[in-house]
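Notes to accompany the following structure.
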Amino acid sequence: ESGTRRNEAEALGNLGNESYERGDFSVSLKFHREAFDLYASLGDQRGQAIEMTNLANVALENHEDAMALRLYGQALHVSLGIGYRLGQALAVLGQGHVRFRAGENDVAEKCYREASNIIAELRQPELQRVVITNLGLLAERQDNIKAAQKHYLNAIEIIESGRHNVPREDPKISYFGGRLTPYERLAFIYCREGRSGEGLAMTERFRARTFIDLLGRALVEISETPMNWVQIKELLIV
C-alpha cells in the first residue's frame, strides 16, 4: 500500500511540475501541496524535501520571496539531515535566486558557488548550466564583464555538448529554446564592446548548427517517412 501511495505522490508532483512549466502556478501549488502532504503521511523525508523546494519555486514565481526563502531553508535542513545532496543543491540554488532578486549580490554568489560545487560532484550538467548562467548574470549586474563573458561561454559549452544527446524524437530547436540566455547575453556584451560583428556571427553560427541538426535528422528519417512541404517549411524556420 505504501508503494502505491508513494507512486501517487510522485504523480501529483509531476502534475505540479507540468502546471509550473505552463505557468499555471495556482494549479501547481495545489498539486505540490497534495504531494507534500502524502509524502509527510508516509514519513518520506526525501519526498518532502523535493516538494518543499517545488513549493518554494512556486512562491518565488508568485513574488512571495519571504515564503520562498523559508521553504528553501526547510528543504535544505531536511536534505542535510538525510544526506540528500541533490536536494541540498536545489535548495541552495533557490536561495541564490531569492538573494539575486533582492540585490544581495555577495550572498547570491555564495549560494550559487555552493550549489555549483555540489552539482559538479553529482555530475548534473543541466543544473550546472543554470548556475553558471546565473553567475554570468550576477557578474554582468556588477559590471564585471570579463567574468560574465567567461561564465556565458562555459554555459554555452555545456549546451553545445548536450545537444548531441537529445533523442531523435525531441527536436533540437526545442532543446535550444529554453537555453538561449547565455547566447543572448554574450551577443549583448559583444555589441556593448563595439564587437557587433562578432556577436552577429556567433548568433548566426548557433542558428546554422541548429538547422543542420534538424536537417540531418530529417535526412536520416526521410527513407522511413517522406517529408511533406509543411515539414520542410518548419525546418527552414529557425
Side-chain angles (χ1 to χ4, degrees), residues 1-102 107-108 110-134 158 162 165-167 169-170 174-175 178-179:
E1 182 184 354
S2 63
T4 301
R5 294 175 68 199
R6 185 167 284 104
N7 290 338
E8 182 182 348
E10 290 177 2
L12 288 167
N14 289 334
L15 288 171
N17 291 336
E18 291 172 7
S19 300
Y20 179 91
E21 291 299 326
R22 293 196 305 268
D24 196 344
F25 302 124
S26 60
V27 175
S28 179
L29 181 63
K30 174 180 177 294
F31 282 129
H32 285 310
R33 278 177 174 168
E34 291 177 4
F36 175 82
D37 289 343
L38 196 47
Y39 280 126
S41 70
L42 293 167
D44 187 330
Q45 290 185 295
R46 182 177 180 276
Q48 290 177 71
I50 291 170
E51 290 307 324
M52 278 189 282
T53 298
N54 287 332
L55 288 167
N57 292 338
V58 174
L60 190 62
E61 291 293 342
N62 288 331
H63 296 274
E64 298 172 339
D65 289 10
M67 173 69 74
L69 197 60
R70 181 174 65 82
L71 287 166
Y72 286 132
Q74 291 175 347
L76 178 59
H77 177 75
V78 173
S79 296
L80 284 168
I82 61 176
Y84 179 36
R85 296 290 280 165
L86 181 57
Q88 295 172 40
L90 292 173
V92 174
L93 177 59
Q95 290 176 329
H97 294 337
V98 177
R99 300 302 187 183
F100 180 93
R101 178 184 284 177
V107 181
K110 181 181 178 182
C111 290
Y112 287 148
R113 293 197 180 280
E114 182 179 345
S116 179
N117 290 336
I118 300 173
I119 291 165
E121 169 194 321
L122 298 174
R123 298 183 180 179
Q124 294 276 349
E126 183 63 13
L127 280 176
Q128 194 67 276
R129 171 191 65 81
V130 173
V131 177
I132 292 172
T133 299
N134 287 337
I158 293 173
N165 299 323
V166 179
E169 66 273 12
D170 183 7
S174 298
Y175 171 78
R179 299 165 172 82

Search all heavy atoms of [X] against all heavy atoms of [Y] and return the closest pair with its distance.
X	Y	result
Gln88	Ile118	CB-CD1, 4.1 Å
Ala35	Glu51	CB-CD, 3.6 Å
Ala75	Ala49	CB-O, 3.7 Å
Ala91	Tyr72	CB-O, 3.5 Å
Gly96	Cys111	CA-CB, 3.6 Å
Arg99	Val107	CG-CG1, 3.6 Å

Side-chain donor or acceptor of Gln128 paired with backbone N/O of Arg123 under 3.5 Å
no

Any sub-3.5 Å donor-acceptor pair from Gln48's side-chain atoms to Asp44's backbone N or O?
yes

Quick one: [atom1] on [X] to [atom2] on [Y], what's the gap to the nearest 0.5 Å?
X	Y	atom1	atom2	result
Leu90	Leu86	CG	CG	4.5 Å
Thr53	Gln95	OG1	CD	9.5 Å
Arg85	Gln124	CZ	CD	12.5 Å
Leu122	Asn117	CG	CG	11.0 Å
Leu29	Glu64	CG	CD	8.0 Å
Ser41	Leu38	OG	CG	4.5 Å

Note, [X] side chain near [Y] side chain (heavy atom, < 4.5 Å):
X	Y	value
Ser26	Asp24	yes
Ile119	Val130	no
Leu15	Glu34	no
Asn134	His97	yes
Gln74	His77	no
Asn14	Asn17	yes
Glu61	Ser28	no
Arg101	His63	yes

Can a side-chain donor-acceptor contact be found between Ser19 and Arg22 if the only test is distance below 3.5 angstrom?
yes

Salt-bridge present (Arg129, Glu126; N to O < 4.0 Å):
yes

For Arg33, I'd like to know if atom CZ has over 12 heavy atoms of other residues, nucleotides or ligands within 6.0 Å.
no

Evaluate Tyr84 against Ile50 for side chain to side chain contact (heavy atoms under 4.5 Å, CB included), listing each step before the verdict.
CA-CA 10 Å; Tyr84 179 36; Ile50 291 170; 3.7 Å; yes

Applying ring-ring contact (aromatic ring centres under 6.0 Å, His included) as the test, list every pair that has at least one member in residues 11-46; sequence neighbours left out.
Tyr20-Phe25

